[in-house]
Amino acid sequence: MVEFRHVSKVYGRGRGRPVPALTGVTFAVGQDEMVCLFGPSGAGKTTVLRLVSREELPTEGEVVVAGEEVSRFGPRAVAHLRRRIGIVFQDGRLLADRTVAGNVAFVLRVQGTPRHELRERVLEALRSVGLHRRPNARLAELSAEGRQRLALARALVTEPPLLLADEPTGSLDGDAAGEILEVLRGVHARGATLIVATHQRAVAERLQCRTLLLAGGRLEGEMARAGDG
Ligand SMILES: Nc1ncnc2c1ncn2[C@@H]1O[C@H](COP(=O)(O)OP(=O)(O)OP(=O)(O)O)[C@@H](O)[C@H]1O
Ligand SMILES: [Mg+2]
């Protein structure tokens, strides 16, 4: 589903000091797999996800998604790619002036979903993350946990075959984080491919995912799924 071949990324070439974010990264994530990108702050986790969704282009190497090299894509192909990817952004990117339901509906509207389908699909997405009782809440009324749930609902509402989740549990404590991780496991169980970036070992452990270790922009190793021989 996703393959990196000798991918390097240097930010800010030609303006100011170049920042090497990834160096010679090679890995593959199969369809239906759940993979954690694990590493400290600055390791390059978000950069990997941005390359997958074509928010950034690699400086070197190839990024292949669903069999296609995404750096060759023009704007239409990029738009099509993004429609097939659900993204939980590290910084949330929720719309402050909309309600809970409004934030989720927005994604469907952008994709041209027929009006009569909107309501049911929004409610279903909210139900999947346990927010269905508060569709009309304002963003400011939500706790940190509520926002994380909403960010997840918004990424899931399009039923994407590939979900990218960047620090989906943020700074949440055990119980709240655990429920969000359960939702992610459910998404994987229903057949989606999942890539989860996290700096918390507990997240990788609770998801029982195959884990790629990133440090200083390099892939330092891999841990098999917990439970695998
Ligand atoms: N837009 C940018 N311009 C310049 N440098 C950047 C940019 N985005 C990231 N970097 C740098 O690239 C490196 C990798 O950043 P990245 O955000 O991918 O790491 P991360 O593993 O997601 O970290 P965190 O755990 O803090 O989210 C860091 O040195 C960071 O400062
Ligand atoms: Mg990050």
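Every number for a ligand or one of its atoms is a count from 1 in the order of the listing. All of these numbers come straight from a predicted model, not from anything done at the bench. Side chains are part of it too, since the values below use all heavy atoms of this structure and drop only hydrogens, waters and symmetry mates.
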- Query: Protein heavy atoms: any of them under 4.0 Å from atom 30 (C) of ligand 1?
  - Reply: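 No, there is no protein heavy atom closer to it than 4.0 Å.
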- Message: Is atom 26 (O) of ligand 1 near the protein, in the sense that some protein heavy atom lies at less than 4.0 Å from it?
- Response: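 Protein heavy atoms within 4.0 Å of atom 26 (O) of ligand 1 - there is at least one.
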- Query: Hey, is G39 one of the residues with a heavy atom under 4.0 angstrom from ligand 1?
  - Reply: no
- Task: Run the contact test for E56 against ligand 1 with a 4.0 Å cut-off on heavy atoms, strictly below, and give the result.
- Result: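 False for this residue.
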- Query: Tell me, do V7 and T26 make a side-chain contact under 4.5 Å, heavy atoms counted?
  - Reply: no
Note the single closest protein heavy atom to [atom], along with its residue, its atom name and the distance in Å.
{"atom": "atom 9 (C) of ligand 1", "value": "Y11 CE1, 3.3 Å"}
{"atom": "atom 19 (O) of ligand 1", "value": "G44 N, 3.2 Å"}
{"atom": "atom 12 (O) of ligand 1", "value": "A21 CB, 3.4 Å"}
{"atom": "atom 11 (C) of ligand 1", "value": "V19 CG1, 3.8 Å"}

- Is the shortest side-chain N to carboxylate O distance from R5 to E3 below 4.0 Å? yes
- Between E179 and R149, is there a salt bridge with N-O shorter than 4.0 Å?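 Salt bridge: yes.
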- Can you spot which of V129, V100, L94, I87 makes a side chain to side chain contact (heavy atoms under 4.5 Å, CB included) with R154?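 With R154 as partner, side chain to side chain contact (heavy atoms under 4.5 Å, CB included) holds for just one option, L94.
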- Message: Counting backbone and side-chain atoms alike, is an N, O or S atom of Q90 positioned under 2.8 Å from the Mg ion (ligand 2)?
- Response: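 Checking the Mg ion (ligand 2) against Q90, an N, O or S atom does fall under 2.8 Å.
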- Query: Hey, is the Mg ion (ligand 2) within less than 2.8 Å of some N/O/S atom on T47?
  - Reply: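 Of the N, O and S atoms in T47, none lies under 2.8 Å from the Mg ion (ligand 2), which means no.
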Residue part near ligand 1, for [X], under 4.0 Å between non-hydrogen atoms:
{"X": "T47", "value": "both"}
{"X": "P40", "value": "backbone"}
{"X": "K45", "value": "both"}

- Task: May I ask you to list the atoms of ligand 1 that are less than 4.0 angstrom from any heavy atom of T46?
- Result: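 Under 4.0 Å from T46, ligand 1 has these atoms: 17 (O), 18 (O), 20 (P), 22 (O), 27 (O).
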- Item | Sub-4.0 Å atoms of ligand 1 with respect to non-hydrogen atoms of R50 | 8 (N)
When you compare ligand 1 with [X], is there at least one nitrogen or oxygen pair between them that comes in under 3.5 angstrom?
{"X": "G42", "result": "yes"}
{"X": "Q90", "result": "yes"}
{"X": "A43", "result": "yes"}
{"X": "P20", "result": "no"}

- Query: Side chains of T169 and Q200: do they bring a donor and an acceptor to under 3.5 Å?
  - Reply: yes
- Item | Any side-chain donor near an acceptor of the partner, E167 and H199, under 3.5 Å | yes
- Item | D91, CG atom: more than 12 neighbouring heavy atoms under 6.0 Å |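 Above 12, so yes.
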- Query: Taking atom OG1 of T59 and atom CG of L22, what is their separation to the nearest 0.5 Å?
  - Reply: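 If I round to the nearest 0.5 Å, the distance is 8.5 Å.
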- Query: Is there a side chain to side chain donor-acceptor pair (under 3.5 Å) between Q90 and T46 once you walk through the steps?
  - Reply: CA-CA 8 Å; Q90 184 166 11; T46 298; 2.8 Å; yes
- Message: Quick one, S71 with E69, criterion side chain to side chain donor-acceptor pair (under 3.5 Å). Give me CA distance, side-chain angles, the key distance, then yes/no.
- Response: CA-CA 6 Å; S71 49; E69 225 261 85; 2.5 Å; yes
- Same cluster (ILVMFWY, side-chain, under 4.5 Å), I85 and V64: no
- Task: Considering non-hydrogen atoms only, spot the tightest contact between S8 and T23 and give its length.
- Result: OG-CA, 3.6 Å
